[in-house]
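These notes are about the structure you will find just below.
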Amino acid sequence: MARPAEGRQPAAPMSSGQIARRVRILRAASELGAREGLASVQMHDVAKEAGVAIATLYRYFPSKPYLFMAVLEWHIEQYLGGHENGQENGRENLAVAAGGTDAAAEVAELLITLSVKLLDSPLLASAVALSSFTEYATAVPARIDIVDSALGQAILRLLGVREASETDRSRARLLIYGWWGLFVAMLTEEISAEEAETNMRLAARLLLTP
C-alpha cells in the first residue's frame, strides 16, 4: 500500500469535484470512526467507503491522525454554521456582543454546547482526541495558529472583534485550549459534564471580563 512521504504537506482541493471528494472522505472517516473507533479504522477502508483511490485519500490527508483532526475541524465548522444561522435568526448576529450582550456567557455557551455535540458520538470523540495527541508526537504537516481556525474566528466574532490585537488572539487561544482540556477531561470521565460547564463559564469570565 502506498504511503505518503513523511511530513509532506497535504494538497488543497481547488475544484468543486475535489472539494466534494474531500467532504466524502471526511464523512466516511467520521462514520467509520463513530462505529469502530480510531484503532479499528484503516485508511483503505476510509478510501473504499468514500469511493476514492487510496492515493487520493493520502493526497489530502497524509496520515490517519491528520485525517481525524480534519474530521474534528469539519464537525466544528458544521456546528458553527448551524449555530451562526440560529444566532442570526434569533438575534441580530454573532457580533452583537460588542453592543451589550454578555460576551463571556456567549462564548462559554458556544464551547459548552460544542462539547455536548461532539460527545454525542463517544467513539468518534475518542478518535479525534487520540489523534490530536498522536499528531503532535509525530512528524506531521504544519498547522495554522488555532486562533485562525473556524472556532477561533467564531470566538472573535462573538467578542465583536473586527481587527484582532495580540491580546484578543491570546484570549481566544487560551479559551480554545481550556475548552479542549475540559473536553478531554469529560471524555475520560475525570470530571463530570456539570463540572466542565462550571469551569468553562469561569474560564470565559476570567479571561473576558475587563
Side-chain angles (χ1 to χ4, degrees), residues 30 33-34 37-38 68-69 71-137 143-161 164-210:
S30 180
L38 183 67
F68 275 91
M69 286 304 293
V71 166
L72 172 62
E73 291 166 5
W74 182 58
H75 276 269
I76 289 174
E77 288 167 4
Q78 288 188 310
Y79 165 76
L80 290 174
H83 180 269
E84 294 193 8
N85 288 335
Q87 290 278 340
E88 289 171 359
N89 291 334
R91 284 174 287 193
E92 293 179 15
N93 54 54
L94 276 176
V96 295
T101 301
D102 187 339
E106 290 278 355
V107 170
E109 188 64 28
L110 171 74
L111 296 172
I112 290 164
T113 53
L114 174 58
S115 292
V116 172
K117 179 68 175 176
L118 292 173
L119 288 167
D120 279 345
S121 179
L123 282 178
L124 183 59
S126 179
V128 299
L130 288 170
S131 293
S132 73
F133 302 137
T134 304
E135 181 190 8
Y136 290 107
R143 304 186 64 79
I144 64 170
D145 186 336
I146 199 166
V147 181
D148 296 317
S149 68
L151 184 55
Q153 292 302 299
I155 289 173
L156 291 176
R157 286 195 297 276
L158 274 174
L159 299 179
V161 173
S165 66
E166 278 308 307
T167 298
D168 294 325
R169 292 178 65 84
S170 292
R171 285 175 175 171
R173 190 179 297 112
L174 287 167
L175 282 163
I176 294 172
Y177 288 150
W179 163 73
W180 183 251
L182 290 170
F183 172 77
V184 172
M186 277 195 293
L187 180 63
T188 56
E189 299 184 343
E190 292 179 41
I191 62 174
S192 67
E194 292 76 15
E195 289 173 314
E197 179 175 342
T198 299
N199 289 338
M200 191 69 255
R201 293 190 189 282
L202 175 60
R205 187 70 58 196
L206 290 173
L207 283 167
L208 300 178
T209 300

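It should be emphasised that the depicted structure is a prediction, and the values quoted were computed from it without experimental measurement.
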Taking all non-hydrogen atoms of both residues into account, name the closest pair between [X] and [Y] and its distance.
X: L159; Y: A103; result: CD2-CB, 3.8 Å
X: S115; Y: M186; result: CB-CE, 3.5 Å
X: L119; Y: A125; result: CD2-CB, 4.1 Å
X: V128; Y: M69; result: O-SD, 3.7 Å
X: A204; Y: A104; result: CB-O, 3.5 Å
X: F68; Y: G33; result: CE2-CA, 4.0 Å

Are any of the side-chain heavy atoms of [X] and [Y] separated by less than 4.5 Å?
X: D148; Y: R169; answer: yes
X: L175; Y: L208; answer: yes
X: L38; Y: L124; answer: no
X: Y79; Y: L118; answer: no
X: E106; Y: D102; answer: no
X: R173; Y: D145; answer: yes
X: E197; Y: L182; answer: no

Distance, nearest 0.5 Å, that separates [atom1] of [X] from [atom2] of [Y]:
X: L80; Y: K117; atom1: CG; atom2: NZ; value: 12.0 Å
X: S149; Y: I176; atom1: OG; atom2: CD1; value: 4.5 Å
X: L72; Y: I76; atom1: CG; atom2: CD1; value: 4.0 Å
X: M200; Y: R205; atom1: CE; atom2: CZ; value: 11.5 Å
X: L158; Y: E109; atom1: CG; atom2: CD; value: 11.0 Å

Requested in this report: Would you please test L114 and H75 for side-chain contact (heavy atoms from CB on, under 4.5 Å) and show each step?
Outcome: CA-CA 9 Å; L114 174 58; H75 276 269; over 6 Å; no
Provide the full list of ring pair (Phe, Tyr, Trp, His ring centres under 6.0 Å) pairs with a residue in residues 183-210, sequence neighbours left out, each pair given once.
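Applying ring pair (Phe, Tyr, Trp, His ring centres under 6.0 Å) to every pair that reaches into residues 183-210, excluding sequence neighbours, yields W179-F183, W180-F183.
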Is it true that a side-chain atom of [X] and a backbone atom of [Y] form a donor plus acceptor pair closer than 3.5 Å?
X: T209; Y: L206; result: no
X: Q153; Y: V147; result: yes
X: D168; Y: S165; result: yes
X: T188; Y: V184; result: yes

For this session: Begin with the C-alpha distance, continue with both residues' side-chain angles, and end with the deciding distance and a verdict on side-chain contact (heavy atoms from CB on, under 4.5 Å) for L207 and V107.
Result: CA-CA 11 Å; L207 283 167; V107 170; over 6 Å; no
- [ ] Go through the structure and list residues passing salt bridge (charged side-chain N to carboxylate O under 4.0 Å, His left out) with R171, not counting sequence neighbours.
- [x]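 Salt bridge (charged side-chain N to carboxylate O under 4.0 Å, His left out) check on R171 returns nothing, list empty.
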